[in-house]
Amino acid sequence: QAQIFESGGGLVQPGGSLRLSCTASGFPLHYFGVGWFRQAPGKEREGISCIASSRDGSTHYADSVKGRFTTSRDNHTDMVYLHLDNLKPEDTAVYYCARDPLGWCELDSGRYDYWGQGTQVTVSS
(Lines give C-alpha, C1' and ligand atoms only; values in the text may rest on other atoms or scores of the structure.)
Protein backbone atom coordinates (compact mmCIF):
# COMPACT_ATOMS: atom_id res chain seq x y z
CA GLN A 1 0.00 0.00 0.00
CA ALA A 2 2.98 2.29 0.30
CA GLN A 3 3.16 4.79 -2.53
CA ILE A 4 5.00 7.99 -3.32
CA PHE A 5 3.84 10.70 -5.72
CA GLU A 6 5.35 13.75 -7.35
CA SER A 7 3.57 16.55 -9.14
CA GLY A 8 4.02 20.13 -10.29
CA GLY A 9 5.77 19.79 -13.60
CA GLY A 10 4.88 21.80 -16.64
CA LEU A 11 6.09 24.03 -19.43
CA VAL A 12 8.19 27.03 -18.46
CA GLN A 13 10.40 29.52 -20.27
CA PRO A 14 14.14 29.65 -19.69
CA GLY A 15 14.83 31.54 -16.49
CA GLY A 16 11.48 30.58 -15.05
CA SER A 17 10.64 28.60 -11.95
CA LEU A 18 8.59 25.62 -10.88
CA ARG A 19 7.87 23.87 -7.63
CA LEU A 20 7.60 20.12 -7.56
CA SER A 21 5.84 18.37 -4.70
CA CYS A 22 6.40 14.91 -3.29
CA THR A 23 3.94 13.20 -1.01
CA ALA A 24 3.41 9.69 0.28
CA SER A 25 0.60 7.33 1.06
CA GLY A 26 0.94 4.49 3.55
CA PHE A 27 3.95 5.79 5.43
CA PRO A 28 5.11 9.04 7.04
CA LEU A 29 7.36 10.74 4.55
CA HIS A 30 9.19 12.71 7.21
CA TYR A 31 10.66 9.48 8.54
CA PHE A 32 12.55 8.83 5.33
CA GLY A 33 15.02 10.49 3.09
CA VAL A 34 13.74 11.72 -0.25
CA GLY A 35 15.75 11.83 -3.41
CA TRP A 36 15.03 13.76 -6.58
CA PHE A 37 16.05 12.33 -9.92
CA ARG A 38 15.49 13.26 -13.52
CA GLN A 39 15.80 11.59 -16.87
CA ALA A 40 15.96 13.42 -20.17
CA PRO A 41 15.22 11.71 -23.49
CA GLY A 42 18.12 9.54 -24.55
CA LYS A 43 20.07 10.23 -21.36
CA GLU A 44 20.80 8.37 -18.17
CA ARG A 45 18.85 8.97 -15.00
CA GLU A 46 20.53 11.67 -12.96
CA GLY A 47 20.35 12.18 -9.21
CA ILE A 48 19.96 15.90 -8.62
CA SER A 49 19.04 16.42 -4.98
CA CYS A 50 18.12 14.70 -1.75
CA ILE A 51 16.99 15.53 1.74
CA ALA A 52 17.45 13.35 4.79
CA SER A 53 14.67 12.46 7.21
CA SER A 54 13.27 15.23 9.37
CA ARG A 55 15.49 14.10 12.25
CA ASP A 56 18.42 15.40 10.25
CA GLY A 57 17.22 17.31 7.23
CA SER A 58 20.60 17.47 5.52
CA THR A 59 20.48 18.22 1.82
CA HIS A 60 22.72 17.59 -1.13
CA TYR A 61 22.71 18.81 -4.72
CA ALA A 62 24.33 17.71 -7.91
CA ASP A 63 26.63 20.24 -9.52
CA SER A 64 24.25 20.57 -12.44
CA VAL A 65 21.55 22.13 -10.24
CA LYS A 66 23.46 23.56 -7.30
CA GLY A 67 22.47 27.14 -6.63
CA ARG A 68 19.31 26.85 -8.71
CA PHE A 69 17.30 24.04 -7.10
CA THR A 70 16.30 23.76 -3.46
CA THR A 71 14.65 20.87 -1.67
CA SER A 72 12.77 21.32 1.58
CA ARG A 73 10.25 19.72 3.90
CA ASP A 74 6.97 20.91 5.31
CA ASN A 75 6.42 18.88 8.45
CA HIS A 76 2.88 20.19 8.86
CA THR A 77 1.76 18.66 5.57
CA ASP A 78 4.43 15.95 5.49
CA MET A 79 5.45 16.94 2.01
CA VAL A 80 8.79 17.44 0.34
CA TYR A 81 9.36 20.11 -2.28
CA LEU A 82 11.86 20.75 -4.98
CA HIS A 83 12.05 24.39 -6.03
CA LEU A 84 13.46 24.79 -9.51
CA ASP A 85 14.72 28.30 -10.22
CA ASN A 86 16.49 29.83 -13.19
CA LEU A 87 15.50 26.92 -15.36
CA LYS A 88 17.47 26.10 -18.47
CA PRO A 89 16.49 24.11 -21.56
CA GLU A 90 18.85 21.36 -20.45
CA ASP A 91 16.71 20.91 -17.34
CA THR A 92 13.99 19.42 -19.51
CA ALA A 93 13.32 15.92 -18.21
CA VAL A 94 10.94 13.71 -16.33
CA TYR A 95 11.45 14.34 -12.62
CA TYR A 96 10.99 11.71 -9.94
CA CYS A 97 10.98 11.65 -6.18
CA ALA A 98 11.95 8.49 -4.36
CA ARG A 99 12.19 7.16 -0.81
CA ASP A 100 15.39 6.32 0.97
CA PRO A 101 14.34 3.64 3.48
CA LEU A 102 17.24 4.44 5.82
CA GLY A 103 16.42 8.14 6.02
CA TRP A 104 19.73 9.22 4.52
CA CYS A 105 20.60 11.68 1.79
CA GLU A 106 22.78 10.18 -0.90
CA LEU A 107 22.41 10.46 -4.66
CA ASP A 108 22.69 6.77 -5.38
CA SER A 109 19.55 5.57 -7.13
CA GLY A 110 20.15 2.00 -6.03
CA ARG A 111 19.37 2.76 -2.41
CA TYR A 112 15.82 4.02 -3.04
CA ASP A 113 12.91 1.61 -2.74
CA TYR A 114 9.78 3.55 -3.75
CA TRP A 115 9.54 5.80 -6.77
CA GLY A 116 6.93 8.17 -8.04
CA GLN A 117 5.45 8.04 -11.50
CA GLY A 118 7.36 11.06 -12.73
CA THR A 119 6.32 14.55 -13.72
CA GLN A 120 7.40 16.25 -16.93
CA VAL A 121 9.33 19.50 -16.81
CA THR A 122 9.84 21.22 -20.15
CA VAL A 123 11.93 24.37 -20.43
CA SER A 124 11.49 26.04 -23.78
CA SER A 125 10.89 29.40 -25.39
Check your understanding: Considering only heavy atoms from C-beta outward, does the side chain of Val12 approach that of Leu84 to under 4.5 Å?
Key -> no
**Study point:** Co-members of the apolar cluster containing Trp104 [side chain, <4.5 Å]
**Key:** Leu102
Review point. So, do Trp36 and Leu20 sit near enough that their side-chain heavy atoms are less than 4.5 Å apart?
Key: yes
Exercise for review: Not counting sequence neighbours, list each pair that qualifies as a disulfide bond (SG atoms under 2.5 Å apart) and has a residue in residues 45-96.
Suggested key: Cys50-Cys105
Check your understanding: Nearest heavy-atom pair of Leu107 and Tyr61: which atoms, and what distance?
Key -> CD1-C, 4.4 Å
Point to revise | Any residue meeting side chain to side chain contact (heavy atoms under 4.5 Å, CB included) with Ser53, in chain and number order, not counting sequence neighbours | key: Arg55
Exercise for review: Applying side chain to side chain contact (heavy atoms under 4.5 Å, CB included), run through Val123 and Glu90 and close with a yes or a no.
Suggested key: CA-CA 8 Å; Val123 185; Glu90 52 263 43; over 6 Å; no
Point to revise | Nearest heavy atoms of Ser17 and Asp85, plus distance in Å | key: OG-OD1, 3.0 Å
Check your understanding: Going through the checks in order, is the side chain to side chain contact (heavy atoms under 4.5 Å, CB included) test met by Leu11 and Ser124?
Key -> CA-CA 7 Å; Leu11 175 64; Ser124 176; 4.3 Å; yes
Exercise for review: Mind jotting down which residue pairs meet the salt bridge (Lys or Arg N to Asp or Glu O under 4.0 Å) criterion with at least one end in residues 27-40? Sequence neighbours excluded, please.
Suggested key: Arg38-Glu46, Arg38-Asp91
Review point. Can you find a pair of side-chain heavy atoms, one from Tyr114 and one from Val34, that are under 4.5 Å apart?
Key: no
Exercise for review: Indicate yes or no for a side-chain donor-acceptor contact from Glu6 to the backbone of Gln117 under 3.5 Å, with no hydrogens or angles considered.
Suggested key: yes
Exercise for review: Decide side chain to side chain contact (heavy atoms under 4.5 Å, CB included) for Cys97 and Leu82; before the verdict, give the C-alpha distance in whole Å, the side-chain angles of both, and the deciding distance to 0.1 Å.
Suggested key: CA-CA 9 Å; Cys97 67; Leu82 183 67; over 6 Å; no
Point to revise | Test salt bridge (Lys or Arg N to Asp or Glu O under 4.0 Å) applied to Asp113 - qualifying residues, sequence neighbours left out | key: Arg99
Check your understanding: Going by side-chain heavy atoms closer than 4.5 Å, which hydrophobic residues are tied to Phe37, directly or by a chain of links?
Key -> Val94, Tyr96, Tyr112, Trp115
Exercise for review: Please name all residues satisfying salt bridge (Lys or Arg N to Asp or Glu O under 4.0 Å) with Asp100, sequence neighbours left out, ordered by chain then number.
Suggested key: Arg111
Revision key, fill the gap. Rounding to 0.5 Å, atoms OG (Ser21) and CZ (Phe5) come to a distance of 13.5 Å
Exercise for review: Give the other cluster members for Tyr81, using side-chain heavy-atom distances under 4.5 Å between Ile, Leu, Val, Met, Phe, Trp and Tyr residues; answer none if it is isolated.
Suggested key: Met79
Which donor-acceptor pairs under 3.5 Å do the side chains of residues 22-32 make with protein atoms, sequence neighbours left out?
from: His30; atom 1: ND1; to: Asp78; atom 2: OD1; distance (Å): 3.2

Exercise for review: Return the set of residues passing salt bridge (Lys or Arg N to Asp or Glu O under 4.0 Å) with Lys66 (not counting sequence neighbours), or none when no residue passes.
Suggested key: Asp63
Revision key, fill the gap. Contacts satisfying salt bridge (Lys or Arg N to Asp or Glu O under 4.0 Å) that involve residues 13-33 (not counting sequence neighbours) are none
Review point. Taking only residues two or more places apart in sequence, or in another chain, which ones meet Ser49 in a side chain to side chain donor-acceptor pair (under 3.5 Å)?
Key: none
